[in-house]
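Worksheet for the structure shown next.
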Amino acid sequence: MVVSSFRRSISLPKPTPPAPEKSLHVRSTSLPNRFHPVIAQLKDQIDGLKSWLFAPERSTSDWVCNGLNRLKLMHQSLDDFIQLPQSRDSLRRRTHWVENLLEHFLRFADAFGIFRSALVALREEMQVTQVAIRSRRRESESRLDAYVMCRRRLKKEVLPLLAVLREIAKKATVAAAEEEEEKELAGILREVNLVTVGVSAAVFGAVVGSQGSSRSFMGLRRRKREERLKEFEEASGEEVRRLMKREEKTALRRFEALENCVAGFERESESLFRSLIGTRVSLLNVLTQ
């Protein structure tokens, strides 16, 4: 018997390739995509407020309330933007930006606090004056004098706020020009500051009859002619005195229209004030957490 040769094959195990090194997960510190819903919404609101400044119906109380409400919504979106992890990381590396924003937002909140307090005083004075007119009291003339003085005091308290806004606008422009990195973040923060300045100046100016400077704060072209709010114009001291002699009911209707107008401004200013404080708290958390 012929036995064929048998060759044993030894199969060695294949060398196990080294396991791939686990890549460490590093959170990106860049801003979210510009199409992120929060960023897109914030930019739309900024553009909407710029359009609001050019609205033709600038002499109405509805226009003022609409502007204040839009500004509040923009700051709420800014708060959402600050809550994004990427935004917080970027802001932590730019603490001087956060410190500037904290200062500006505090000044905005102070300005609207002063504005609202002046409006509350005017509305209370108007209520007392209306009671005197309805009851045909002899002191109705003196109450009307007090109302006129209260309107002058409102203007005296609000006009200096325009100088505060102008100073904030200058600082916002310089802060943005110094930074080259993270341009989108710097641009958003700068736009928020300037739009807040422009809208605030337009609102304050509309109430006290000094609207011309509101656009110049944002580098916008001025209108040739600015009008005071209809409700304030129709309830001026001179107009009410004239109406009280022959059309007392009309005078009271003018007072009621202005009172409703002022109450709306109070309400919207209070909401905006709270929004500014909330955003400022979020900025403080960026520094402390």
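Only heavy atoms go into these numbers, but all of them, side chains included; no hydrogens, no water, no symmetry mates.
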Quick one: which residue pairs count as a ring pair (Phe, Tyr, Trp, His ring centres under 6.0 Å) with a foot in residues 241-263, not counting sequence neighbours? Tyr147-Phe255
As an exercise, state the distance from [atom1] of [X] to [atom2] of [Y], rounded to the nearest 0.5 Å.
X: Ile188; Y: Ile82; atom1: CD1; atom2: CD1; value: 10.5 Å
X: Leu71; Y: Asn66; atom1: CG; atom2: CG; value: 11.0 Å
X: Ile114; Y: Leu154; atom1: CD1; atom2: CG; value: 12.0 Å
X: Glu233; Y: Leu258; atom1: CD; atom2: CG; value: 11.5 Å
X: Leu194; Y: Leu165; atom1: CG; atom2: CG; value: 11.5 Å
X: Leu243; Y: Ile133; atom1: CG; atom2: CD1; value: 10.0 Å

According to a hydrophobic-cluster definition based on side-chain heavy atoms being under 4.5 Å apart (Ile, Leu, Val, Met, Phe, Trp, Tyr only), do [X] and [Y] belong together?
X: Leu283; Y: Val281; result: no
X: Trp63; Y: Phe115; result: yes
X: Met126; Y: Val128; result: no
X: Val158; Y: Phe108; result: yes
X: Leu284; Y: Val192; result: yes

Evaluate the side-chain proximity of [Y] to [X]: yes if any heavy-atom separation is below 4.5 Å, no if none is.
X: Leu101; Y: Asn193; value: yes
X: Asn69; Y: Leu73; value: yes
X: Phe112; Y: Leu161; value: no
X: Lys249; Y: Arg253; value: yes
X: Phe204; Y: Leu159; value: no
X: Lys230; Y: Thr60; value: no
X: Ile39; Y: Glu184; value: yes

For [X], which residues count as a salt bridge (Lys or Arg N to Asp or Glu O under 4.0 Å) partner, sequence neighbours excluded?
X: Glu256; value: Arg134
X: Glu248; value: Arg136
X: Glu234; value: Arg254
X: Arg274; value: Glu270

Check whether Ser87 reaches the backbone of Phe81 with its side chain - one donor and one acceptor, N or O, closer than 3.5 Å. yes
Minimum-distance pair of heavy atoms, taken over all atoms of [X] and [Y]:
X: Lys72; Y: Ser271; answer: CD-CB, 3.6 Å
X: Leu49; Y: Met74; answer: CD1-SD, 3.7 Å
X: Leu185; Y: Ser90; answer: CD2-CB, 3.6 Å
X: Ala202; Y: Leu53; answer: CB-CD2, 3.8 Å

Sequence neighbours excluded, the answer for ring pair (Phe, Tyr, Trp, His ring centres under 6.0 Å) partners of His75 is Phe105
For [X], check side-chain hydrogen bond (donor to acceptor under 3.5 Å, both in side chains) against everything at least two apart and list the hits.
X: Gln41; answer: Ser77
X: Arg241; answer: Glu141, Asp145
X: Arg267; answer: none
X: Asp44; answer: none

Consider only side-chain N and O atoms of Gln83 and Asp79, and report whether a donor and an acceptor are under 3.5 Å apart. yes
Presence of salt bridge, [Y] and [X], under 4.0 angstrom:
X: Asp89; Y: Arg92; answer: yes
X: Arg94; Y: Glu99; answer: no
X: Glu167; Y: Lys171; answer: yes
X: Glu191; Y: Lys50; answer: yes

Can you pull the salt bridge (Lys or Arg N to Asp or Glu O under 4.0 Å) pairs that have at least one residue in residues 118-128, sequence neighbours excluded? Arg123-Glu266, Glu125-Arg143
With sequence neighbours excluded, residues passing side chain to side chain contact (heavy atoms under 4.5 Å, CB included) with Phe265: Ser61, Val64, Cys65, Leu119, Val207, Leu229, Phe232, Cys261
